[in-house]
Amino acid sequence: MPKRKRAVVTQPQPPQMQKRMRRTKTICSCSSPRFTDISTGSAFCWYEEDVWTEIAKYLDGKSLVMLATTCRWFHGLIMEGSIWKYACLRDLQVPAPLHVAFNWRKLYVSAFDGSHSYMFRQKEKHIDWMRIGAFSVESSEALLTERLSNPTKLPEEDTMQKMLQACGYCVLDNVKAGIWIADLQLVRCPVCELNTCDGTMQTLDARHIELFLSEGYQNGSWEYEIIGSHDVKKHVDGASGAIFDLKHLNDSPTSAVFNLKSWVGKPNDWQPKAIITLHSVAVNTNLQKNEGLQVKYQVMRAGAGGEVVSIRISQQLL
């Protein structure tokens with residue numbers, strides 16, 4: 001028997017399917033900030049402040065600014081002080097101070113825009129710098145030292161100059177509480193004006209986070225003053241400086257500063273090293289054979305008799 005051919009049956013298409021579809025409108029995204037979740041039938045709003053506030057916690061300062069430029073709604077949200085406060089404390093890794101005199105967005109910019117104290121004063125002397133980090137001062141007293149050993153007892157001399165001469169430490173009072181930012185500065189010889197002079201000076205430069213925003217600093221009425229200086233007229237292995245919140249000198253985290261093997265460079269490592277804890281900061285640069293150091297301690301006050309808002313510990317080879 002001859003094979004039967006397979007019959008192919010085609011179903012008649014509805015009239016509307018026989019015609020080519022005409023697109024009257026191009027595909028585009030929904031312009032509404034709300035959409036409905038099909039599974040739950042509930043509406044979700046893209047512009048939920050709580051949601052975006054939480055998202056903002058994961059953005060750095062640059063990303064926050066970019067988000068704020070997208071529309072008015074985001075600009076209003078991102079300009080909230082609580083968002084910049086969180087970002088500032090997170091990036092500086094310090095606890096919140098009891099009080100600040102400026103809004104947190106300005107404080108964030110001041111801390112992270114790449115500015116340092118020599119950008120405003122003595123630009124011609126500046127060579128290089130590096131950001132160490134931030135620490136917190138809770139008490140009104142700070143211990144300044146050029147020695148990286150925990151003092152067995154605090155100096156009792158009646159003047160800072162005598163304290164420094166006797167033991168290389170001094171206690172500074174009326175220090176402004178809050179967040180302090182520490183940098184390591186390398187500057188040219190501050191003594192002479194000779195272009196041929198190769199002399200350099202290392203400076204541990206710490207400032208209160210509000211300093212650059214303060215009118216007295218901006219108009220130049222606040223100046224650095226030397227509170228003590230002395231010469232070490234013998235070979236010194238390293239140029240060191242440290243600042244401690246006196247209240248937390250014996251805290252466990254602060255003890256890391258005195259564990260030199262954990263952060264100071266090896267004898268043939270000439271690169272500067274630094275360490276920062278919650279309530280202290282220290283630097284050290286190993287030195288080649290030398291004849292000693294000149295050490296200077298400087299402070300800046302918020303006006304005559306005002307709180308200390310900046311501290312410098314400088315070392316220069318003799």
Tell me, yes or no, whether the heavy-atom count around Lys57 atom NZ, taken from other residues, nucleotides or ligands under 6.0 Å, exceeds 12. yes
Considering only heavy atoms from C-beta outward, does the side chain of Ser314 approach that of Gln298 to under 4.5 Å? yes
Are side-chain heavy atoms of Asn150 and Asn250 found at a separation under 4.5 Å? yes
Under a 4.5 Å cut-off applied to non-hydrogen side-chain atoms, are Thr203 and Leu184 in contact? no
Apart from Tyr58 itself, members of its ILVMFWY cluster (side-chain separation under 4.5 Å) are none
Residue pairs meeting salt bridge (Lys or Arg N to Asp or Glu O under 4.0 Å), one or both in residues 272-284, sequence neighbours left out, come to Asp269-Lys273
Residues that Phe244 engages under ring pair (Phe, Tyr, Trp, His ring centres under 6.0 Å), provided they are two or more places apart: Phe258
Greater than 12 external heavy atoms within 6.0 Å of Gln93's CD: no
Listed partners of Ser221 passing side chain to side chain donor-acceptor pair (under 3.5 Å), at least two apart: Asn219
Do other residues, nucleotides or ligands put more than 12 heavy atoms under 6.0 Å from Glu215 CD? no
For Pro272, is there any backbone N or O sitting under 3.5 Å from a side-chain donor or acceptor partner on Asn284? no
Keeping to residues at least two apart or across chains, list the salt bridge (Lys or Arg N to Asp or Glu O under 4.0 Å) pairs with something in residues 173-186. Arg131-Asp183, Lys176-Glu210
If you compare all heavy atoms of Ile313 against all heavy atoms of Gly241, which two are closest, and at what distance to 0.1 Å? CG2-CA, 4.3 Å
Mind checking whether His126 and His116 have side chains closer than 4.5 Å, heavy atoms only? yes
Distance-only polar pair, side chains of Thr254 and Asp251, donor-acceptor under 3.5 Å: no
Where at least one partner belongs to residues 278-318, residue pairs that pass ring-ring contact (aromatic ring centres under 6.0 Å, His included), sequence neighbours excluded: His248-His279
Remaining members of the apolar cluster that contains Leu98, side-chain heavy atoms under 4.5 Å: none
Test side chain to side chain donor-acceptor pair (under 3.5 Å) applied to Thr277 - qualifying residues, sequence neighbours left out: Ser280
Side-chain contact, heavy-atom cut-off 4.5 Å: Ser214 with Phe102? yes
Is the shortest side-chain heavy-atom distance between Phe135 and Asp245 below 4.5 Å? no
Applying ring pair (Phe, Tyr, Trp, His ring centres under 6.0 Å), name anything that partners Phe112, two or more places apart in sequence or on another chain. Tyr108
Crowded around Met66 CE? As in, over 12 foreign heavy atoms under 6.0 Å? no
If you group Ile, Leu, Val, Met, Phe, Trp and Tyr whenever their side-chain heavy atoms sit less than 4.5 Å apart, what else falls in with Tyr224? Met119, Phe120, Leu211, Phe212, Tyr217, Trp222, Met300, Val309
Look at atom CD of Gln218 and say whether more than 12 heavy atoms of other residues, nucleotides or ligands are closer to it than 6.0 Å. yes
Salt bridge (Lys or Arg N to Asp or Glu O under 4.0 Å) pairs touching residues 85-112, sequence neighbours excluded, are none
ILVMFWY cluster membership beyond Leu186 - transitive side-chain contacts under 4.5 angstrom: Ile127
A side-chain contact here means heavy atoms from C-beta on lying under 4.5 Å apart; do Val281 and Val257 qualify? no
Main chain of Gly168, side chain of Thr145: is a donor-acceptor contact present, judged purely on distance under 3.5 Å? yes
